[in-house]
Amino acid sequence: MLKIENHRLVGDRVTFRETPNHGGVLKARYLVMHYTAGSSLQSSVTSLCTRKPSGNASAHLVLGRDGAIVQLAPFDVVTWHAGISQWNGQSGLNNFSVGIEMDNAGILKRVGSKFVAWFGKEYPESEVVLAAHKHGGGVQPWHAYPESQIARALELAELLVEHYGLEDVLGHEDIAPGRKTDPGPAFPLEAIRSRALGRDEDEPPHYVVTATSLNIRK
């Protein structure tokens, strides 16, 4: 069971690695979900904890596919995950939100019978979701989120909303439409939002249709 003590997450399979990429004091109003578009939990943590000449980014948490969590900054510190963003009349969501990055390759490219990420890694059909993004672009292949990761994301959302009285659970795609597509249609964001905000009558998070279940022809 997860809990928050002194703005740090405590619980099973939770570790802390401090990022140098952070700002001032955060009084969060929202939770923003992202995908890393990276190849692994560790590579994403390393990137978010590296100070670069430009393009520095960070988040409060990085959530692995097996449910492991690495916290990069306390929840009362601003991290750099939202970029140019706006929601409900508020601009610059870094200053008003907790950011969770989920280990996921994001949108994939169909190359013959293979599905390939931008960084060259291939994924089997069982890890691919065919879906259209809510902001357009037609049906495309996306990296699926495993049940263990979805369940942990729900646990985190419920805990953070309750602990900090957050007003909403959003995707990067919501606060930066046209610029960002994460966490994408493979992630059950609406169900997570509904459950975290206390609307228990809604259906729990579940998978969308994968490429394998559609019997894609090779």
Side-chain angles (χ1 to χ4, degrees), residues 7-9 14-65 68-88 90-109 115-123 133-137 140-143 145 149 153 156 160 168-187 189:
H7 305 294
R8 287 200 184 190
L9 192 65
V14 175
T15 57
F16 186 89
R17 178 177 172 182
E18 185 174 9
T19 178
N21 304 326
H22 59 78
V25 176
L26 173 65
K27 294 184 178 180
R29 297 176 56 191
Y30 307 108
L31 172 62
V32 178
M33 310 297 292
H34 307 255
Y35 58 50
T36 60
S39 60
S40 69
L41 170 66
Q42 192 54 54
S43 67
S44 296
V45 168
T46 297
S47 177
L48 294 170
C49 289
T50 300
R51 192 74 167 178
K52 309 178 183 75
S54 62
N56 291 294
S58 58
H60 292 92
L61 303 175
V62 186
L63 172 58
R65 297 181 67 76
I69 300 168
V70 182
Q71 184 166 7
L72 308 184
F75 297 123
D76 62 343
V77 171
V78 171
T79 60
W80 305 335
H81 60 94
I84 299 172
S85 51
Q86 184 173 353
W87 184 256
N88 199 26
Q90 191 78 63
S91 298
L93 270 290
N94 282 337
N95 296 318
F96 305 99
S97 62
V98 172
I100 297 178
E101 291 276 359
M102 295 178 287
D103 179 21
N104 181 280
I107 191 167
L108 305 174
K109 184 177 181 180
F115 297 94
V116 184
W118 69 270
F119 45 84
K121 185 176 179 178
E122 296 180 8
Y123 292 91
H133 197 280
K134 62 184 179 182
H135 293 154
Q140 300 179 80
W142 303 79
H143 192 198
Y145 294 84
Q149 192 175 33
L156 284 168
L160 287 162
D168 211 341
V169 179
L170 308 167
H172 204 181
E173 61 205 12
D174 296 318
I175 63 174
R179 188 173 71 85
K180 293 294 182 177
T181 58
D182 53 317
F187 185 72
L189 180 61

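Treat the numbers as computed from the prediction; the structure is a model and nothing was measured. The basis for the numbers below is simple: all heavy atoms, side chains too, and nothing from hydrogens, waters or symmetry mates.
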Using modelled atom types and a 3.5 Å cut-off, is there a donor and acceptor pairing between side-chain atoms of [X] and backbone atoms of [Y]?
X: K180; Y: G171; result: no
X: E101; Y: A59; result: no
X: T46; Y: Q42; result: yes
X: H60; Y: V77; result: yes
X: N104; Y: H143; result: yes

CA sep, side-chain torsions, deciding dist, call: F75, L61, side-chain contact (heavy atoms from CB on, under 4.5 Å): CA-CA 9 Å; F75 297 123; L61 303 175; 3.9 Å; yes
Distance check, rounded to the nearest 0.5 Å: [X] atom [atom1] versus [Y] atom [atom2]?
X: L26; Y: F96; atom1: CG; atom2: CZ; result: 9.0 Å
X: C49; Y: N56; atom1: SG; atom2: CG; result: 11.5 Å
X: T79; Y: L48; atom1: OG1; atom2: CG; result: 9.0 Å
X: H81; Y: L93; atom1: NE2; atom2: CG; result: 7.5 Å
X: Q90; Y: S85; atom1: CD; atom2: OG; result: 9.5 Å
X: D103; Y: H34; atom1: CG; atom2: NE2; result: 14.5 Å

Is any side-chain heavy atom of [X] less than 4.5 Å from a side-chain heavy atom of [Y]?
X: W87; Y: V32; value: no
X: K52; Y: S47; value: yes
X: P183; Y: Y145; value: yes
X: S44; Y: Y35; value: no
X: D174; Y: K134; value: yes
X: M33; Y: D182; value: no
X: L31; Y: L156; value: no

task: Under the ring-ring contact (aromatic ring centres under 6.0 Å, His included) rule, collect the residues that match up with H133, sequence neighbours excluded.
output: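 Here the qualifying residues are H135, W142.
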Which pair of heavy atoms, one from [X] and one from [Y], lies closest together, and at what distance?
X: A57; Y: N21; answer: O-ND2, 3.0 Å
X: F119; Y: A105; answer: CZ-CB, 4.0 Å
X: D76; Y: H7; answer: OD2-CD2, 3.2 Å
X: L41; Y: V62; answer: CD1-CG1, 3.3 Å
X: L63; Y: Q149; answer: O-NE2, 3.1 Å
X: R179; Y: A82; answer: NH2-O, 2.9 Å

- request: Output, in order, the C-alpha distance, side-chain angles, deciding distance and verdict of side-chain contact (heavy atoms from CB on, under 4.5 Å) for D168 and N88.
  value: CA-CA 11 Å; D168 211 341; N88 199 26; over 6 Å; no
field: By side-chain hydrogen bond (donor to acceptor under 3.5 Å, both in side chains) - contacts of S58 (at least two apart)
entry: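 In terms of side-chain hydrogen bond (donor to acceptor under 3.5 Å, both in side chains), with neighbours along the sequence ignored, S58 is linked to no residue.
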field: Y30/I175 under side-chain contact (heavy atoms from CB on, under 4.5 Å): CA gap, chis, key distance, verdict
entry: CA-CA 11 Å; Y30 307 108; I175 63 174; over 6 Å; no
message: Between L72 and V45, is the side-chain contact (heavy atoms from CB on, under 4.5 Å) condition met? List the steps.
response: CA-CA 8 Å; L72 308 184; V45 168; 4.1 Å; yes
- request: Mark yes when over 12 heavy atoms from residues, nucleotides or ligands other than K27 sit less than 6.0 Å from its NZ; otherwise mark no.
  value: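 12 or below, so no.
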